[in-house]
Amino acid sequence: MKQKKELFISEGTRKVVKEELAKMKKAVTVIVVLSEEQNKPFNEFCRKLLTELSALSDKIKPVFDAPGSAAAKKYGVTRTPTLLVEPERYAIRFTGAPAGEEARTFLLAVLMASAGTTGLSEQSRQRLSELKESRNIKVFVSPTCPYCPQQALLAVCAAIEMEDLISTEIIEIHENKDLAKQYNAFSVPQAFINDSLVGLGLQPEEVFIEEILTAAPVTTKAYEGTGSTEMDLVVVGAGPAGLTAAIYAERSGMKTVVIEKGNIGGQVAITPVVENYPGFTRIGGKTLMDMMAQQAIQYTEIHEGEEVVDIERKDDLFTIRTSRASYTAKALLLTTGAQSRKLGVPGEQEFQGKGVSYCASCDGYFFKDGKKVIVVGGGNTAATEALYLKNIGVDVTIVHRRDRLRAELFLQESLTEQHIPILWNAELKEIRGEKFVTGVVLENVADKTTSTLPVDGVFVAIGYVPSNELAAKLGVATDDEGYIMVDKGHRTNVKGVYAAGDITGGFKQIVTAVGQGSLAAATIFEDIAHPYWKIGTVAS
Ligand SMILES: Cc1cc2nc3c(=O)[nH]c(=O)nc-3n(C[C@H](O)[C@H](O)[C@H](O)COP(=O)(O)OP(=O)(O)OC[C@H]3O[C@@H](n4cnc5c(N)ncnc54)[C@H](O)[C@@H]3O)c2cc1C
């Protein structure tokens with residue numbers, strides 16, 4: 001019997017990819033420089049990927065070359081695998097296999113090269129057209145980092161928009177550790193322009209475009225005062241709580257805008273896999289939030305990369321000032337979530353991105369192959385991060401300042417099953433290193449003795465701090481831990497101000513956030529129609 005040939009791209013993905021590739025206008029040549037000796041599995045990955053993609057569309061034209069070939073010399077390729085997308089026209093290079101999250105970036109790069117257009121905003125394209133000098137962009141990425149594809153994509157878009165001036169290289173950090181070391185890039189994504197670091201982490205589009213123009217980091221954007229926009233409701237934060245509230249608010253007829261200082265999706269967008277959101281047995285956090293955002297933008301505007309910096313209340317109207325504009329609103333919903341808590345020890349800030357991390361799914365890949373790291377903490381997050389790191393091949397130890405964990409029992413059992421050691425009663429006092437982390441100082445909380453532990457990385461997982469700065473400015477009451485206190489309808493003590501999701505404390509989950517977001521929107525609708533402060537009902 002004839003054996004069925006095993007497919008590299010799975011049947012389901014194949015169907016979707018084929019549909020996308022059918023939209024290609026022009027053929028795209030991809031030069032794939034491969035070697036039999038170095039990085040063997042990654043070279044093999046690229047050979048299979050391009051062979052199967054070209055079988056799905058005759059518009060993808062792979063050219064397989066060896067490191068010393070004429071093409072490799074012409075384009076200065078010395079590393080394998082390297083992929084050059086339509087190199088006669090564009091300078092788009094993938095140094096390392098576009099695996100995991102990066103496979104999508106590579107496919108989009110091919111599709112955009114075929115179309116000759118990108119998804120950048122009109123404003124960004126206009127700004128880029130003012131560029132007069134050449135720029136080389138390097139973005140360090142890893143296959144498991146959920147932030148990386150978007151940062152890489154921005155760099156690819158720039159190279160397509162300004163093909164004569166901008167060259168872009170997407171560098172897979174694990175396969176190119178020497179390059180990562182040379183650039184001191186020890187977390188992902190990191191973007192360099194003309195070899196200077198411009199961004200740690202994912203940057204909003206407009207910030208990155210400014211950095212390309214100036215070849216320097218843009219850290220803050222001044223309030224430009226572009227005039228007021230009159231809204232019924234301004235939602236601060238585009239996590240699950242904010243997006244759900246906006247869907248419900250607009251559907252009930254309230255003119256709503258969602259302002260998000262970072263990237264749409266909040267904490268969920270950096271969660272590798274979600275397995276407890278009803279309806280989805282298993283779904284990538286980023287995918288789930290992309291779906292939620294797709295639904296939300298059917299109804300409402302979402303302003304990404306715009307930070308709410310100040311809010312004032314006058315009579316029954318709020319003036320909300322952001323990094324870009326000014327809005328007025330009858331009601332304000334705070335869904336600002338919570339941020340990773342910092343240890344506050346010497347070395348933590350200095351080595352952030354150089355061995356100190358708050359996100360195992362983003363930076364863990366760099367420590368696989370047995371690098372030694374500690375996870376600091378004793379709750380669910382610490383246990384989950386440690387299990388994730390162990391799973392990808394990191395030599396991980398938990399450091400906990402108590403003699404028992406707070407993590408759920410099934411997580412504790414998994415730690416035991418995976419033989420993850422725990423240093424009990426140990427408090428981290430200092431993080432040491434030179435260019436990168438080399439070790440930590442620990443104190444035994446019982447006898448106060450200190451010891452040093454050589455490690456390559458420190459993952460901090462000690463919980464969250466509510467993002468309550470705006471609430472504080474408005475005089476909104478918070479509990480002892482800083483979480484906003486609300487009534488059953490999600491009203492705060494300040495009339496017209498509401499809160500939902502993680503910022504209100506309690507059970508911090510996606511289902512809770514979406515439930516609270518919907519309930520808050522319903523209350524706001526009721527209150528705008530029949531203000532409780534005018535009809536004498538007091539929020540309890
Ligand atoms: C690693 C990890 C794994 C998790 N896994 C799961 C899971 O498997 N299942 C589950 O149900 N839950 C999980 N959670 C919890 C879940 O992510 C949160 O409960 C949920 O994201 C809360 O949603 P939210 O909308 O309240 O806040 P967030 O998702 O935190 O969103 C708040 C948003 O507000 C924005 N913001 C803050 N301040 C401002 C400002 N001044 N201006 C503009 N924007 C602002 C932030 O940038 C952020 O995007 C996980 C959390 C983490 C960290």
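Atoms within a ligand are numbered from 1 in the order they appear, just like the ligands themselves.
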Answer yes or no: are there more than 12 heavy-atom neighbours, outside [X] itself, under 6.0 Å from its atom [atom1]?
X    : atom1 : answer
R401 : CZ    : no
Y358 : OH    : yes
F318 : CZ    : yes

[X] N/O under 3.5 Å from ligand 1 N/O:
X    : answer
K261 : yes
V308 : yes
S467 : no
A500 : no
A241 : yes

One thing to verify: whether K255 and D232 come together as a salt bridge, which I'm taking to mean a side-chain N less than 4.0 angstrom from a carboxylate O.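 Answer for the salt bridge query: no.
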
Salt-bridge criterion met for R432 and E430 (N-O under 4.0 Å):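 E430 and R432: salt-bridged.
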
Proximal candidate to [atom] [heavy atom criterion; set [options]]:
atom                    : options                : result
atom 23 (O) of ligand 1 : G239, G242, P240       : P240
atom 22 (C) of ligand 1 : L288, T336, T512, D502 : D502
atom 49 (O) of ligand 1 : E260, Q509, E304       : E260
atom 40 (C) of ligand 1 : I320, V268, V236, V514 : V236
atom 15 (C) of ligand 1 : M289, K508, E306       : K508
atom 7 (C) of ligand 1  : T244, T322, N380, N276 : N276

Parallel under 30°, tilted from 30 to 60°, perpendicular over 60°: which one fits the rings of F192 and Y183?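 F192 vs Y183 ring planes: perpendicular.
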
Residue portion contacting ligand 1 (non-hydrogen atoms closer than 4.0 Å) for T381: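 Within the 4.0 Å criterion, T381 makes no contact with ligand 1.
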
At a 4.0 Å threshold, what atoms of ligand 1 neighbour a non-hydrogen atom of [X]?
X    : value
I259 : 43 (C), 44 (N)
T335 : 32 (C), 33 (C), 34 (O)
L470 : 41 (N)
G501 : 26 (O)

Hey, does Y464 sit under 4.0 Å from ligand 1 if you only count heavy atoms?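 Y464: in contact with ligand 1 (<4.0 Å).
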
Give the minimum heavy-atom separation between A500 and L333, together with the two atoms involved.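 Closest heavy-atom pair between A500 and L333: N-CD1, 4.0 Å.
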
Heavy-atom closest contact (T335 atom, G237 atom, distance):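 Scanning both residues, the minimum pair turns out to be OG1-O, 3.1 Å.
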
With a distance cut-off below 6.0 Å to the six-membered ring centre and an angular limit of 45° from the axis, does R341 pair with Y464 as a cation-pi contact?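 No - R341 does not lie over the ring of Y464 by the 6.0 Å and 45° rule.
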
Can you give each donor-acceptor pair under 3.5 Å made by side-chain atoms of residues 363-379, sequence neighbours left out, with the distance rounded to 0.1 Å?
unit_1	atom_1	unit_2	atom_2	d
D363	OD1	V188	N	3.1
D363	OD2	S357	OG	2.7
D369	OD2	H174	NE2	3.2

Any donor-acceptor N/O pair, T336 side chain to L334 backbone, under 3.5 Å: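 Not confirmed, T336 side chain does not pair with L334 backbone.
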
